[in-house]
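Quick notes on the structure that follows.
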Amino acid sequence: MAPERERKLIFVLAVVQFVNILDFMMVMPLGPDFACDLGIPLSSLGIIGGSYTASAALSGFACAFFLDRFDRRPALALSLLGLAVGTFAGGMSTGLYTLVGSRVLAGAFGGPATAVAMSILADVIPADRRGRALGTVMMAFAVASVLGVPAGLELAHLGGWHLPFVVVGGLGLLAAVLAFTLVPSLTGHIVRSQTESVLASFRHLLTRRTTQLSYLGTAISSFGLFVLIPNLAAFTQGNLGYPRQRLGLLYLLGGIASFATTRTFGRFVDRYGSFRVTLAGTVLTIVVILAGFVFVWRWVPVEVIFVGFMVANSLRNVSVQTLSTKVPTVPERARFMSLQSMTQHMFCALGAFASSEMLGTASEGARGAARCGEDSGVVPALIGMEWVAWISIASMVLLPWIVRDVERRVTLEAKPAVPVPD
């Protein structure tokens, strides 16, 4: 593919990831807002976050059976269209059950959208430049934090929590149009994927030790993060006393730091390998969790903790995702990515559900509803966050060593890449 077309494709994939990540990221920071309005317990925010990821996990498993048999372009556009519809539905929710239902619908399409986008990138970008390209695409996470989440919080402040759902749904429709019009038709994988049965392909994929270890790394990383992530906004407001009107600034600072470093992290992966970068990211993550959630060092500003958490996440995610694109062969790439998406979302859901069961609120008990409107905007403190943080740390300790084993196996199994026709 010509460099100009390659850059255009990377841009479109970055837009796709931006919309997909923003749709997922904005819900938890808005949690205290819609919890107050809809009478939802703050301890149930993990259920709302987990419903999206559980749905994405199930759809990822289902799509693994057939995604490699279709042109990547319409598959991506259709996934984005469904994501947009689910997000619009979220803005019309009237209670816990309708909000959970809308997030289930969004997750059913958001999971495959990620898998197809990563498959397109891996199909087109050579392995020796993939870390840099993936770093660029994953800058969408930072942009979503820099622009998307603060903008969503401000929109909610100005027009109610429904408005961000409507706006992001519109962006989903725009991304679907861009995907269908600017992504080239990619069908070179279809002939190769049809040379063996689906069950035989699954058997070949899942019995490889490299695949199993890659999925194990995804599982423990996802679980370790998602016992914390759904509760960040409630914890910073209720436990650390951070004001709601400055919450957008907090995400802005974290996003700027991620934006400034993510592309560099991709270059580090290309130069130093995934193991070293993952090890550095894991150590930084553990230090931040100890300082911000276990011991709660009050002398460390909340902004420093939050920025450190975001940067450490970016460091680990770029290295692990880059390595995972090198595990499957071309014919099984979308199938591998779908199963990886399933694994990631399933363990995100387990982490979110686990934290929801472990946490309670100081003013209302373990299952009390948030009563922000009655208490002049005061968000109740969460009880049990330190134990959740220890579980997160325990889940992450093994990740670098799993990555090292996968990286070694990928190097041994490396074969010349099969070019995919434009």
Side-chain angles (χ1 to χ4, degrees), residues 13 17 57 60-61 63-65 67-68 72 111-112 114-135 137-138 186 188-189 192-193 195-196 198-223 265-266 268-270 272-279 281-282 316-347 398-420:
L13 295 179
Q17 289 297 89
F61 176 75
C63 289
F65 285 91
L67 270 184
D68 274 315
R72 308 269 200 230
T114 298
V116 176
M118 291 298 99
S119 297
I120 291 172
L121 184 144
D123 281 347
V124 173
I125 308 300
D128 61 342
R129 300 203 309 275
R130 202 169 293 159
R132 186 180 309 175
L134 188 61
V137 172
M138 290 187 68
L186 293 169
H189 59 283
R192 290 188 290 275
S193 66
T195 59
E196 57 180 339
V198 173
L199 291 179
S201 178
F202 265 100
R203 191 181 308 114
H204 175 264
L205 182 65
L206 295 178
T207 55
R208 290 173 58 209
R209 184 65 173 167
T210 309
T211 303
Q212 296 168 355
L213 288 170
S214 179
Y215 288 160
L216 176 61
T218 297
I220 64 174
S221 177
S222 301
F223 181 87
F265 293 160
F268 286 169
V269 173
D270 288 337
Y272 300 110
S274 290
F275 165 66
R276 293 179 181 177
V277 178
T278 302
L279 180 61
T282 300
R316 291 165 56 256
N317 286 342
V318 170
S319 59
V320 172
Q321 288 291 335
T322 301
L323 180 61
S324 69
T325 64
K326 301 175 183 178
V327 172
T329 60
V330 173
E332 63 190 12
R333 189 163 280 152
R335 184 170 293 121
F336 172 89
M337 293 296 180
S338 293
L339 290 176
Q340 184 186 52
S341 176
M342 178 200 74
T343 303
Q344 178 183 10
H345 287 104
M346 179 171 61
F347 279 86
L398 292 176
L399 181 62
W401 318 110
I402 294 173
V403 167
R404 183 177 66 173
D405 198 2
V406 173
E407 190 169 44
R408 180 181 61 83
R409 290 173 179 273
V410 165
T411 301
L412 292 175
E413 296 171 1
K415 296 179 181 179
V418 178
V420 177

**Request:** Say whether S324 and S214, considering side chains only, have a donor N or O and an acceptor N or O under 3.5 Å apart.
**Result:**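 Absent: no donor and acceptor within the cut-off.
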
**Counterpart residues, side-chain contact (heavy atoms from CB on, under 4.5 Å), relative to R409 (two or more places apart)** =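 side-chain contact (heavy atoms from CB on, under 4.5 Å) check on R409 returns R209, T210, L213, D405, E413.
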
**Message:** If the condition is side-chain contact (heavy atoms from CB on, under 4.5 Å), which residues does A57 pass it with, not counting sequence neighbours?
**Reply:**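 Here the qualifying residues are M342, H345, M346.
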
**Item:** L339/T211 under side chain to side chain contact (heavy atoms under 4.5 Å, CB included): CA gap, chis, key distance, verdict
**Value:** CA-CA 10 Å; L339 290 176; T211 303; over 6 Å; no

Restricting to non-hydrogen atoms, name the atom on [X] and the atom on [Y] that form the minimum distance, rounded to 0.1 Å.
X    : Y    : answer
T278 : S319 : OG1-OG, 2.7 Å
T343 : A219 : CG2-CB, 3.9 Å
P400 : F275 : O-CD1, 3.1 Å

**Request:** Would you please test V277 and V318 for side chain to side chain contact (heavy atoms under 4.5 Å, CB included) and show each step?
**Result:** CA-CA 9 Å; V277 178; V318 170; over 6 Å; no

**Message:** Quick one: does any side-chain atom of R208 pair with a main-chain N or O of V327 as donor and acceptor, under 3.5 Å?
**Reply:**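 Side chain of R208 to backbone of V327: a pair is present.
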
**Prompt:** Judged by atom type as modelled, is there a donor-acceptor pair below 3.5 Å linking the side chain of T325 to the main-chain atoms of T322?
**Reply:**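 Yes, the answer is positive, given that a donor and an acceptor are paired below the 3.5 Å cut-off.
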
**Atom pair CG/CG of L121 and L13 - distance to nearest 0.5 Å** =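 Nearest 0.5 Å value for the CG-CG distance: 6.0 Å.
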
**Prompt:** How many angstroms lie between atom OG of S222 and atom CG of N317, to the nearest 0.5 angstrom?
**Reply:**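 The OG atom of S222 sits 8.5 Å away from the CG atom of N317.
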
**Request:** Evaluate the side chain to side chain contact (heavy atoms under 4.5 Å, CB included) criterion for residues R276 and E407: first the C-alpha distance (whole Å), next the side-chain angles of each, then the deciding distance (0.1 Å), finally the verdict.
**Result:** CA-CA 11 Å; R276 293 179 181 177; E407 190 169 44; over 6 Å; no

**Request:** Taking ring pair (Phe, Tyr, Trp, His ring centres under 6.0 Å) as the test, write out the residues that go with Y215, two or more places apart.
**Result:**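 For Y215, the residues satisfying ring pair (Phe, Tyr, Trp, His ring centres under 6.0 Å) (neighbours in sequence not counted) are F336.
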
**Message:** Here's a test for you: under side-chain contact (heavy atoms from CB on, under 4.5 Å), which of V320, V410, V269 qualifies with S274?
**Reply:**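 Checked V320, V410, V269 against S274; only one passes side-chain contact (heavy atoms from CB on, under 4.5 Å): V269.
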
